[in-house]
Amino acid sequence: MFYFLFLLPLSIAVIQIIWPANWKGLTLFTSIFSWLLLGISVVIAINPQFIPSSFVWWETPHFTWTFAWRNDKVSQIMGVLVCGIYGLVQQYSFSYLAKENKKKLYYVFLALFVFSMLGIVYTSNLITLFFCWELVGVCSWFLIGFWNEKKSSGIAARKALLLNRIGDAGLLSGILLWISSTGQTDLQVINLVTIQGVIPQLALALMLIGVMGKSAQFPFHSWLPDAMAGPTPASALMHAATMVAAGVYFCLSILPMASYPISFGLAGIGAVTAVFSAWTSGSQSDIKRTLAYSTLSHLGLMIMIAALGATDLAFFHLGTHAIFKCGLFLIAGVLIHQYHVDNPEVPGTQEIHKLNHSLSRLPFLKIPLLILLFALAGLPLFSGGLSKESILAFVLFGFSNQPSLTSGLFILCTLTTFAFTGSNVFRLIRLLFSGPESTNPVKIFGFPISYSFPILITSLGALSIFINPLTPWKTEGAWILHNLYPLQLSLIPEPLPWIALILATGATAIGGMIKYFQYKRNKESALGVQDSISIFWSFNFFWERLITLTLRKFVALVFLFDLALHKYLIVGVARIFKNPKQGDSEKSLAMTTVWVEKNILLGSVNSLSLGIIFIGDILRSLQTGKIQSYLWKSIVIGTLLLMLLSWALI
């Protein structure tokens, strides 16, 4: 049954390719396949014995390639999450892309995307993981640039591809260095290998560069907001359970082996990404870019807390974030689509202040949207509140055990991120819910079920009662944390979770109040500082300066070199050897080429061959076959060597 988990996405892709365009029933067929995929992942999570053991694929005297499968609680839950989000997104896409001419190609890319992500989730082999890692990147390139007739889509797809390739180069270098130093490729036995020393730690640091690129951490952060050029359902899948989640998921496997300087540096990068991305999200007018920067902020929190040692809490937040962020993207897609329906002459808009009319036409979306936004803000009784408050509780626990400036800074960064997120959520509520009520709202029974069902499921999943039914205000007891190892949450003493709950809620409320008073004074955002920092963070120094500008300068230098070579060297030599009778520079250049070939190139080759023949004659003359000849030659050569050695010592 386990192998069907990988065969089904490939089967969906193949069926989509060969299915004739005029045949009906394709939507129903692929929908059944996608939900069957989810059912298999649930069965495997309940009965882990379906996961096969490892087997040797390739073996040499110095290297063994073991094809191994992960069989732990993290991979099982992640598999259910990926398949569930894929089913919801594909169900949603049936209506969203109903009039798209290239929708068959879209579904092929979507199925391959999930197939490659499942490979990352379940494989325990580093080499196999790298192949799936690259396939995820290629599929994201296809989906981001799906509307390649738009220039912005092509630029965004290339940017995402190139920036991820830089990170992937670090990942590949780290994997090869790790294999050469430890001889191990299986993630499940890596902990049994001695990981002390410079080489294994350097390999881990290089692999974490790949994590930074895939999860869009600083300085690779700017490709993710630009990736919003693709279809909105693909953005939901990418932000929830595939592309960016792959980096965090792999990070959870290798971070426990990293030394303190590496993990501390990665925690700092995650904290910086969380704070500045949350800040920048509040200055975006595009709703998809606003949600994208919010994703960056939450990814930073996951990386930070995982690097500090709480991989279980990072995985918990990865799961809760996937649910409510997927729902937010799906609702954003509905609002964008509805705006186009109401304004057929306009191709569509993603400006937040224009989408309030779309929400007034769809009043039944207001409650799910509020639930998802409250989960994003991390308020109590919502899933985001459980995971974010547990992150703050662990940071407070670290400070209480060993008070220091660095642990205090991590607390400050976490609370600042919560405050900025609360401010952004209030801003979205203010802009989306402030429009006048429509006189002609869409009736709920006229709304496509392919829209309403995924939005309903994600909004229910954003309620904490479905994660921790007995005590929905506490993280402890959540089913997603059951049987996870190590469970850092159990180490936190009782007062700290309540303190974290109060501090997190207070920081979120303060952020919302600051935004409220800004609107009361008719100011969209803080003047000066926020706009300037947002512009700086949106501008990708790593991309614009170190890559784009460097390539442009290199191309310019190549052009100047080519111009100088042709204009001054070749033409100049041609004029020196110019034939006055012919007066033709092209013929003179040909004569010059013949002269160079005859006297320089051919002469050097002939000289080399003559030299080889001469050396061969000397060596042949030494091979006489007579012992007495060998003896006197050895005496002469030995005497000369002794004379040279004595001269060197003197």
Examine distances only and state if a side-chain atom of Asp168 and a backbone atom of Leu171 form a donor-acceptor pair shorter than 3.5 Å. no

Residues Phe218, His221; criterion side chain to side chain contact (heavy atoms under 4.5 Å, CB included); working and verdict: CA-CA 5 Å; Phe218 178 81; His221 60 282; 3.7 Å; yes

If the condition is ring pair (Phe, Tyr, Trp, His ring centres under 6.0 Å), which residues does Phe418 pass it with, not counting sequence neighbours? none

What do the steps show when you test Val42 against Ile46 for side chain to side chain contact (heavy atoms under 4.5 Å, CB included), and what is the final call? CA-CA 6 Å; Val42 172; Ile46 297 174; 3.8 Å; yes

Polar side-chain atom of Ser297 near backbone of Tyr293 as donor-acceptor pair, under 3.5 Å: no

Any side-chain donor near an acceptor of the partner, Tyr106 and Ser93, under 3.5 Å: yes

Give the C-alpha distance, both sets of side-chain angles, the deciding distance and a yes or no for side chain to side chain contact (heavy atoms under 4.5 Å, CB included) between Leu97 and Tyr92. CA-CA 9 Å; Leu97 296 172; Tyr92 178 92; over 6 Å; no

With Lys388, the side-chain contact (heavy atoms from CB on, under 4.5 Å) member among Thr421, Ile305, Thr414: Thr421

Identify the heavy atoms of Gln91 and Trp35 that sit nearest to each other, and give their distance. OE1-NE1, 3.2 Å

With sequence neighbours left out, what residues match Phe142 under ring pair (Phe, Tyr, Trp, His ring centres under 6.0 Å)? Phe109

Which pairs, with at least one residue in residues 9-19 and sequence neighbours excluded, count as a salt bridge (charged side-chain N to carboxylate O under 4.0 Å, His left out)? none

Which class fits the ring pair His317 and His321: parallel under 30°, tilted 30 to 60°, perpendicular over 60°? tilted

Exercise answer: donor-acceptor pairs, residues 256-266 side-chain atoms, under 3.5 Å, sequence neighbours excluded:
| residue | atom | partner | partner atom | Å |
| --- | --- | --- | --- | --- |
| Ser259 | OG | Gln201 | OE1 | 3.2 |
| Ser263 | OG | Ser259 | O | 3.2 |
| Ser263 | OG | Tyr260 | O | 3.1 |

Report the C-alpha distance between Ser294 and Lys325 in whole Å, list the side-chain angles of each, state the deciding distance to 0.1 Å, and finish with yes or no for side-chain hydrogen bond (donor to acceptor under 3.5 Å, both in side chains). CA-CA 9 Å; Ser294 171; Lys325 188 53 65 68; 3.3 Å; yes

List the residues meeting side chain to side chain donor-acceptor pair (under 3.5 Å) with Tyr107, not counting sequence neighbours, and say none if there are none. none

Run the side chain to side chain contact (heavy atoms under 4.5 Å, CB included) test against Ser215 and tell me which residues pass, sequence neighbours left out. Gln217, Val248

Assess whether side-chain hydrogen bond (donor to acceptor under 3.5 Å, both in side chains) is satisfied between Ser31 and Gln90, documenting all intermediate values. CA-CA 7 Å; Ser31 179; Gln90 183 167 252; over 6 Å; no

Rounded to the nearest 0.5 Å, the CG atom of Leu372 sits from the OG atom of Ser459 at a distance of 6.0 Å

Backbone of Ser124 reached by a side-chain donor or acceptor of Thr128 within 3.5 Å: no

Which atom names give the shortest non-hydrogen contact between Gly309 and Phe394, and what distance separates them? C-CZ, 4.2 Å

If you measure from CD1 on Ile254 to CD1 on Ile175, what distance do you get to the nearest 0.5 Å? 8.5 Å

Minimum heavy-atom separation for Thr311 and Ala306, please, with both atom names. CG2-O, 4.1 Å

Indicate every side-chain donor-acceptor pair of residues 202-211 with a distance under 3.5 Å to a residue at least two apart or in another chain.
none

Treating Lys214 as the side-chain partner and Val244 as the backbone partner, does any N or O pair qualify as donor plus acceptor under 3.5 Å? no

Atom OG of Ser153 and atom CZ of Phe146: how far apart are they, to the nearest 0.5 Å? 10.5 Å

In short, Ser140 meets Gly137 closest at the heavy-atom pair OG-O, 2.6 Å

Result block: side-chain N/O donor-acceptor pairs under 3.5 angstrom for residues 114-123, not counting sequence neighbours:
| residue | atom | partner | partner atom | Å |
| --- | --- | --- | --- | --- |
| Ser116 | OG | Leu112 | O | 3.0 |
| Ser116 | OG | Phe113 | O | 2.8 |
| Thr123 | OG1 | Asn125 | N | 3.3 |

Taking only residues two or more places apart in sequence, or in another chain, which ones meet Ala236 in a side chain to side chain contact (heavy atoms under 4.5 Å, CB included)? Val89, Cys326, Phe329, Leu330

Any side-chain heavy-atom pair from Leu386 and Thr320 closer than 4.5 angstrom? no

Contact check, side chains of Met238 and Ile144, non-hydrogen atoms, under 4.5 Å: yes

Contacts under 3.5 angstrom, residues 461-468 side chains, donor-acceptor by atom type, not counting sequence neighbours:
| residue | atom | partner | partner atom | Å |
| --- | --- | --- | --- | --- |
| Ser464 | OG | Leu381 | O | 2.9 |
| Ser464 | OG | Pro472 | O | 2.9 |
| Asn468 | ND2 | Thr471 | O | 2.8 |
| Asn468 | ND2 | Thr471 | OG1 | 3.0 |
| Asn468 | ND2 | Lys474 | O | 2.6 |
| Asn468 | ND2 | Glu476 | O | 3.0 |

Going by the rule side chain to side chain contact (heavy atoms under 4.5 Å, CB included), which residues pair with Ala216 if we only count those two or more places apart in sequence or in a different chain? Trp223, Leu224, Leu296

Sub-4.5 Å side-chain heavy-atom contact between Tyr249 and Val74: yes

Could you go through Thr232 and Tyr96, starting from their C-alpha distance and side-chain angles, then the distance that decides it, and tell me whether this counts as side-chain hydrogen bond (donor to acceptor under 3.5 Å, both in side chains)? CA-CA 9 Å; Thr232 303; Tyr96 192 84; 3.1 Å; yes

Heavy atoms, side chains only, cut-off 4.5 Å: are His239 and Lys288 in contact? no

Trp178 and Ile199, any side-chain heavy atoms less than 4.5 Å apart: no

Close side-chain approach of Phe131 and Ile127, heavy atoms under 4.5 Å: yes

If you measure from CZ on Phe399 to CG on Leu496, what distance do you get to the nearest 0.5 Å? 11.5 Å

Does any non-hydrogen side-chain atom of Ser11 lie less than 4.5 Å from one of Val14? no

Using side-chain heavy atoms (C-beta onward) and a distance below 4.5 Å, is Met78 in contact with Leu318? yes

Partner residues of Asp226 under the side chain to side chain donor-acceptor pair (under 3.5 Å) criterion, sequence neighbours left out: Lys159, Arg289

Please report the interatomic distance OG(Ser41) to CD1(Ile77), rounded to the nearest 0.5 Å. 11.5 Å

Check the pair Asn71 / Gln76 against side chain to side chain contact (heavy atoms under 4.5 Å, CB included), numbers first and verdict last. CA-CA 7 Å; Asn71 191 2; Gln76 296 158 17; 3.1 Å; yes

Under 3.5 Å donor-acceptor, Ser180 side chain and Leu176 backbone: yes

Leu38 and Val80 have their tightest heavy-atom pair at CD1-O, 3.7 Å

Separation between CD1 (Ile32) and CG (Leu8), nearest 0.5 Å, reads 12.0 Å

